[in-house]
Structure formats: structure tokens, C-alpha cells
Amino acid sequence: MKKLAILGASGHGKVVADCAELCGWESVSFFDDAWPAKTSNGAWSIEGDTQLLTDRLAEFDGVLVAIGNNYIRQSKLQALLEQGAQLPVLIHPSAIVSRYAEVGAGSVLFAGAVVNVDCRIGMGVIINTAASIDHDCVLGDAVHISPGARLAGGVCVGERSWVGIGASVKQLVEIGSGVTVGAGAVVVSNMPDDCVAVGVPARVR
């Protein structure tokens, strides 16, 4: 039996679990530091906390971190890697991913997502529902591209950055690390590290 452990029993975790089952994972178990006060996440049981997951890693064929905070997700992924965890890539059956794209370990691509030719997607990236990443884009580790966001060709997004729901990024734009792009923003120029960019066109707030 193909067994997956998910760290992070959140709404996002439910979407990861549902996607995993559609991808053929036969058993999905949650772990969350709210356990034992919290024992379920929708249809799935929570079986322990982070420490218990670490103790039981050998039982699972793969582990995913379903934590929306990019910084925490990256930290947890790194810790699990150091413990020898296997980090699969999860691609929803309705997502379209070019055979010439690279997708890093522990990344998840949800329903309707598109990743085009020669994209390079880092480790632990979330490409959410119906987001599109056009040709030659480079996404660093622990990036989150929210539902319905659009990246034109050749966009670079630094690690731990978050592109909000419905945002658009013009071709060849570079977004730094730790950036938050607001919902519906239109990014037409480069953005420095650790900024918040909002509006049409997007400006640093």
C-alpha cells in the first residue's frame, strides 16, 4: 500500500490530501502539532505531531508539508529531508505540466494549474488552483503562486515569495525573495526582496 504522511492539518492540507488520493496514494495520514487536541482534518485522521511523524518516517512512502506559511514550510521540509524523508511531487490529474519543465521535491500543483516548457520550479512550491506559469519561469524554493495567478514568460520569483490570488506578472519581471504580491495586483516592474507589492500597476507599499 502506497502511504503518504502530510504535516499540517489545515484547509490547504485537505486539498493536498484530496489531490494525493486522486494521484493514487492509497493511504493518507495527517500529523499536526495541535494533536491530540485535534484528531481529524475533514475526512482524514490526525495521527500525531511533528515528533511522532519523525519517529514513524520509515512507515511512509512519502511526506508532504501542507503549511501555507512559506517560511515555516521551508523549515519543516528541510528538517524532514535531514531525517531522510522522501518528498514526492504531487501533480493533480487535471494540471498540465510540460515534459521539459523541472519541478522540485515536495512541491504540489493543484487542479487546472499550467506549467509550461523550460520552467524550473524549486522545492516545496505551491502552484495553486488554475494558476499558470508560462515558459522559462524560475520559481525559488517555498514559493506560493495563489489560485488564478498568472506569470508570463521568463518571470523569476525568489524563494519564499507569495503571489496573491488573481495577480498577474508581466514577462521577464524579477520578483525578489520574501515578497508578498497582493491579490489582483499587476506586476510590471522588478520587485526588491522582502517587500509588499499591491495595486494596478503594483507598487511597493
Residue from [options] passing side chain to side chain contact (heavy atoms under 4.5 Å, CB included) with [X]:
{"X": "Arg120", "options": "Val138, Asp136, Val103", "answer": "Val138"}
{"X": "Leu151", "options": "Val173, Val187, Ile133", "answer": "Ile133"}
{"X": "Ile126", "options": "Ile145, Val108, Val16", "answer": "Val108"}

* To do: For the pair His144 and His12, name the ring-plane relationship: parallel under 30°, tilted 30 to 60°, perpendicular over 60°.
  => tilted
Under the side chain to side chain contact (heavy atoms under 4.5 Å, CB included) criterion, do His92 and Leu22 qualify, and how do the steps go? CA-CA 7 Å; His92 191 280; Leu22 290 169; 3.4 Å; yes
Ignoring hydrogens, what is the shortest heavy-atom contact between [X] and [Y]? Give both atom names and the distance.
{"X": "Ala111", "Y": "Ser94", "result": "CA-OG, 3.3 Å"}
{"X": "Ala202", "Y": "Met191", "result": "O-CE, 3.5 Å"}
{"X": "Ala197", "Y": "Ala185", "result": "O-CB, 4.2 Å"}
{"X": "Val115", "Y": "Ala101", "result": "CG1-CB, 3.9 Å"}
{"X": "Gly48", "Y": "Leu52", "result": "CA-CD2, 3.6 Å"}
{"X": "Ala152", "Y": "Gln171", "result": "CB-N, 3.4 Å"}

Decide whether [X] and [Y] are clustered together by the hydrophobic rule: side chain heavy atoms of Ile, Leu, Val, Met, Phe, Trp, Tyr closer than 4.5 Å, transitively.
{"X": "Val125", "Y": "Val181", "result": "yes"}
{"X": "Val143", "Y": "Val97", "result": "yes"}
{"X": "Ile127", "Y": "Val179", "result": "yes"}
{"X": "Met123", "Y": "Ile91", "result": "no"}
{"X": "Val89", "Y": "Ile121", "result": "yes"}

Is a donor from one side chain sitting under 3.5 angstrom from an acceptor on the other, for [X] and [Y]?
{"X": "Ser29", "Y": "Glu47", "answer": "yes"}
{"X": "Asp55", "Y": "Gln51", "answer": "yes"}
{"X": "Ser146", "Y": "Asn128", "answer": "no"}

Using atom types as modelled and distance alone, determine if a side-chain donor or acceptor of [X] lies under 3.5 Å from a backbone N or O of [Y].
{"X": "Arg205", "Y": "Val198", "result": "no"}
{"X": "Asn190", "Y": "Glu174", "result": "yes"}
{"X": "Ser107", "Y": "Gly122", "result": "yes"}
{"X": "Ser161", "Y": "Gly176", "result": "yes"}
{"X": "Asp141", "Y": "Glu159", "result": "no"}
{"X": "Arg73", "Y": "Ile67", "result": "yes"}

About how many Å separate [atom2] of [Y] and [atom1] of [X], when rounded to the nearest 0.5 Å?
{"X": "Thr180", "Y": "Asp194", "atom1": "OG1", "atom2": "CG", "value": "9.0 Å"}
{"X": "Cys19", "Y": "Trp25", "atom1": "SG", "atom2": "CH2", "value": "11.5 Å"}
{"X": "Leu109", "Y": "Thr129", "atom1": "CG", "atom2": "OG1", "value": "10.5 Å"}
{"X": "Asn116", "Y": "Asp134", "atom1": "CG", "atom2": "CG", "value": "4.5 Å"}
{"X": "Leu77", "Y": "Leu87", "atom1": "CG", "atom2": "CG", "value": "5.5 Å"}
{"X": "Ile46", "Y": "Lys38", "atom1": "CD1", "atom2": "NZ", "value": "5.0 Å"}

Test Val63 against Leu53 for side chain to side chain contact (heavy atoms under 4.5 Å, CB included), laying out the working first. CA-CA 9 Å; Val63 181; Leu53 171 59; 4.1 Å; yes
Practice prompt. Count the heavy atoms belonging to other residues, nucleotides or ligands that lie under 6.0 Å from CZ of Arg56, then report whether that count exceeds 12.
Written response: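 Count over threshold, so yes.
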Hey, are the side chains of Val157 and Cys137 touching, using non-hydrogen atoms and a 4.5 Å cut-off?
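Not touching, per the 4.5 Å side-chain cut-off.
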Practice prompt. Using the side chain to side chain contact (heavy atoms under 4.5 Å, CB included) rule, take Tyr100 and His135 through it: C-alpha gap first, then chi angles, then the decisive distance, then the call.
Written response: CA-CA 10 Å; Tyr100 303 108; His135 63 88; over 6 Å; no
| task | Test side chain to side chain contact (heavy atoms under 4.5 Å, CB included) on Ile6 and Trp44 and set out the steps. | result | CA-CA 10 Å; Ile6 299 175; Trp44 299 273; over 6 Å; no
